[in-house]
Amino acid sequence: ASGATKRTRPLLTTINKMGGAAQMKLQPAVKKETTHIAVGTAAGVAVMLAVFALIGRADWGVVVSGLLGGVLAVANFLLLGVTVQRVANQSNEGRGRKMMQFSYNMRMLLLVLWLILAVAVPFFNWVAAMVPLLLPRLTIAVMQLTGHYKKDGPEPGEAPEEQKGE
C-alpha cells in the first residue's frame, strides 16, 4: 500500500524474518554435502576409535576427544556452506569477500581453540581431537576417487568439450 516496489533477490537462500531474527533456509546442496561429510567423518572417527582400542589406548578421554573433534569438523563444514550461501546472495563483491574471510578466520579460531584445549586439559587426547578435523578433506578425496564428485572442466592436457573433434 506504500507504493514502494517489492525488491526480490535471485535467492540461493530464503530468509524469513521471524521475531526480529533472520533465519536462513539451507539449500539442498548444502544439506546433501554436509550429510556426506558427516557420514564420512563418523566413519573415520569410528575407525580411529577402533585403532585406539586395538593398540590398547582407548579410554573415555579418547572417545570424547574423537566425538567432539568430529562434531567440530562437521560444524566447520556446515558453517562454510552457510557462509557460501550468504556470500552468493551478496550483490557487493567486496562485502562478500570480507564475509568469507571473517568466516574463515572465526572457524579456524574455533578449531585452534579446540586443539589448545585438547592439549591443555589432561582428560582429552590431542591426537583423537585432531584426527577428526582432517576427515572432511579425506571424505572429499575418497568421494572424488570413487566418482561421487566429478572435477569441473577438462582433465589436464584434454581439450574442452566444444573443441573436441575440431
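Note that the structure is predicted; figures quoted are calculated from it, not measured. The figures that follow rest on heavy atoms only: side chains count, while hydrogens, waters and symmetry mates do not.
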ILVMFWY network linking F123 to M48, side-chain heavy atoms under 4.5 angstrom: yes
Apply the test side chain to side chain contact (heavy atoms under 4.5 Å, CB included) to residues I37 and L78: give CA-CA distance (whole Å), side-chain angles for both, the deciding distance (0.1 Å), then the verdict. CA-CA 9 Å; I37 296 302; L78 175 62; over 6 Å; no
Minimal non-hydrogen separation, T83 against M99, with atom names: CG2-O, 4.0 Å
Looking at side-chain heavy atoms only, is the closest gap between V62 and V127 below 4.5 Å? no
In the single-linkage hydrophobic clustering (I, L, V, M, F, W, Y; side-chain heavy atoms under 4.5 Å), do L110 and I116 co-cluster? no
Verify, without hydrogens or angle tests, whether T146 (side chain) and M143 (backbone) share a donor-acceptor contact under 3.5 angstrom. yes
d(K98 NZ, N105 CG) to nearest 0.5 Å is 13.5 Å
Can you tell me how far apart CG (L68) and CG (L117) are? Round to the nearest 0.5 Å. 9.0 Å
Interatomic spacing from CZ in F102 to CZ in R107 - rounded to 0.5 Å: 11.5 Å
Do the side chains of Y104 and L109 join up, straight or via other hydrophobic residues, at under 4.5 Å, putting them in one cluster? no
Using the rule that two of Ile, Leu, Val, Met, Phe, Trp, Tyr join whenever any of their side-chain heavy atoms come within less than 4.5 Å, decide whether W60 and I55 are in one cluster. no
Looking only at heavy atoms, which two atoms of T41 and T139 are closest? And how far apart? N-OG1, 3.8 Å
Minimum-distance pair of heavy atoms, taken over all atoms of N125 and S65: N-OG, 2.9 Å
If you define the side chain from C-beta out and look only at heavy atoms, does anything of P136 sit under 4.5 Å from V74? no
To the nearest 0.5 angstrom, please state how far the CZ atom of R97 sits from the CD atom of Q90. 13.0 Å
Ignoring hydrogens and angles, tell me if any N or O in the side chain of E33 forms a donor-acceptor pair with the backbone of G81 under 3.5 Å. no
Beyond-backbone contact of F52 with D59, side-chain heavy atoms, under 4.5 angstrom: no
Taking every heavy atom of V63 against every heavy atom of L49, the minimum-distance pair comes out as CA-CD2, 3.9 Å
Closest non-hydrogen contact found for L80 with M100 is CD1-CE, 4.1 Å
For the hydrophobic clusters of this structure (ILVMFWY residues joined by side-chain heavy atoms under 4.5 Å, transitively), does one cluster hold both V51 and V64? no
Nearest 0.5 Å, please: how far is CG in L67 from CG in L72? 11.0 Å
How many angstroms lie between CZ in R95 and CZ in R86, if you round to the nearest 0.5 Å? 8.0 Å
Just by modelled atom types, is the Q27 backbone N or O under 3.5 Å from a matching donor or acceptor in the Q85 side chain? yes
Note: W114 and L133 closest approach over all heavy atoms is CD1-CD1, 4.1 Å
Taking the side chain as everything from C-beta on, heavy atoms only, tell me whether V84 gets closer than 4.5 Å to V87. no
